[in-house]
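First up is the structure itself, then whatever we jot down about it.
FYI, side chains are in, hydrogens and waters are out, and symmetry mates aren't considered; it's all heavy atoms of this structure. This structure is a prediction, so every number in the text was calculated from the model and none was measured.
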Amino acid sequence: GSWCPAPLCQGRALPRPPLGPARAAGHALRWASSFSQPGPTESDPSEGQVFLSESCVKRLLEITEGSEFLRLQVEGGGCSGFQYKFSLDTVINPDDRQGQRGGARVVVDVDSLAFVKGSMVDFSQELIRSSFQVVSNPQAEKGCSCGTSFSVKF
């Protein structure tokens with residue numbers, strides 16, 4: 001009749017999860033978690049990564065509140081052709097890529113990421129000023145002494 005042993009019924013009742021959405025979500029999560037960790041990852045290398053230094057993480061945790069994060073943008077201008085612009089933001093746009101380390105978050109839009117992938121965001125404290133800086137940028141050919149402007153390798 002209708003009765004069957006419990007293990008058999010349970011086995012039959014479990015639907016297999018569809019692969020599509022789960023796989024897509026897994027890729028997105030993997031990208032987000034690999035964004036701030038050096039070394040080879042499973043993410044697409046063309047998407048790029050930005051790394052956060054210890055001092056950057058420490059300073060961000062001091063100045064951000066709630067859902068705030070550090071936004072890094074690359075704009076035309078400055079003494080070398082391009083310049084870095086840092087701001088605190090709370091709105092994530094569809095073309096943003098974010099990385100985090102130790103609870104600190106940095107967000108870079110896709111266009112800017114092309115100019116900074118592989119570089120490190122650092123917080124520098126000097127006698128005359130303290131600021132966030134992009135250091136060891138593999139995309140930049142030469143920087144200027146002010147540390148906010150650079151030219152791109154062709």
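Checked against side-chain hydrogen bond (donor to acceptor under 3.5 Å, both in side chains), Asp109 has the following partners two or more places apart in sequence or in another chain: Ser112. Taking the side-chain hydrogen bond (donor to acceptor under 3.5 Å, both in side chains) definition, one finds that Glu65 meets it with nothing, sequence neighbours left out. A search for ring pair (Phe, Tyr, Trp, His ring centres under 6.0 Å) contacts involving Phe123 returns Phe132, not counting sequence neighbours.
Nearest heavy atoms, Gly76 versus Gln83: O-NE2, 3.9 Å. When all heavy atoms are compared, the tightest approach of Arg105 to Glu68 is NH2-O, 4.2 Å. Here the closest non-hydrogen pair linking Gly102 and Val57 is O-CG1, 4.2 Å. Nearest approach of Pro138 to Ser119, heavy atoms of both residues: CD-N, 3.7 Å. Of all heavy-atom pairs between Asp122 and Ser53, the closest is OD1-OG, 2.6 Å. The nearest pair of heavy atoms linking Asp89 to Val91 is OD1-N, 3.1 Å.
Exactly one residue among Ile92, Asn93, Val106, Val108 makes a side chain to side chain contact (heavy atoms under 4.5 Å, CB included) with Arg71. That residue is Asn93. Considering Ile63, Val121, Val107 as possible partners of Leu70, the one that fulfils the side chain to side chain contact (heavy atoms under 4.5 Å, CB included) test is Val121.
With values rounded to the nearest 0.5 angstrom, Ser124 atom OG is found 7.0 Å from Arg129 atom CZ. Atoms CG and CG, from Leu52 and Leu60 in turn, are 7.5 Å apart once rounded to the nearest 0.5 Å. One finds the CG atom of Leu113 at 9.0 Å from the CD atom of Gln139 (value rounded to the nearest 0.5 Å). Put simply, OG1 on Thr64 and CZ on Arg59 are 10.0 Å apart, with the number rounded to the nearest 0.5 Å. Remark: Tyr84 OH to Glu75 CD distance equals 13.0 Å, nearest 0.5 Å. The structure places CE of Met120 at 12.0 Å from CG of Asn137, a figure rounded to the nearest 0.5 Å.
Note on Phe86 and Val110: separate hydrophobic clusters, where clusters join Ile, Leu, Val, Met, Phe, Trp and Tyr whose side-chain heavy atoms are under 4.5 Å apart, directly or indirectly.
Residues Glu54 and Arg101 meet the side-chain proximity criterion, which asks for heavy atoms closer than 4.5 Å.
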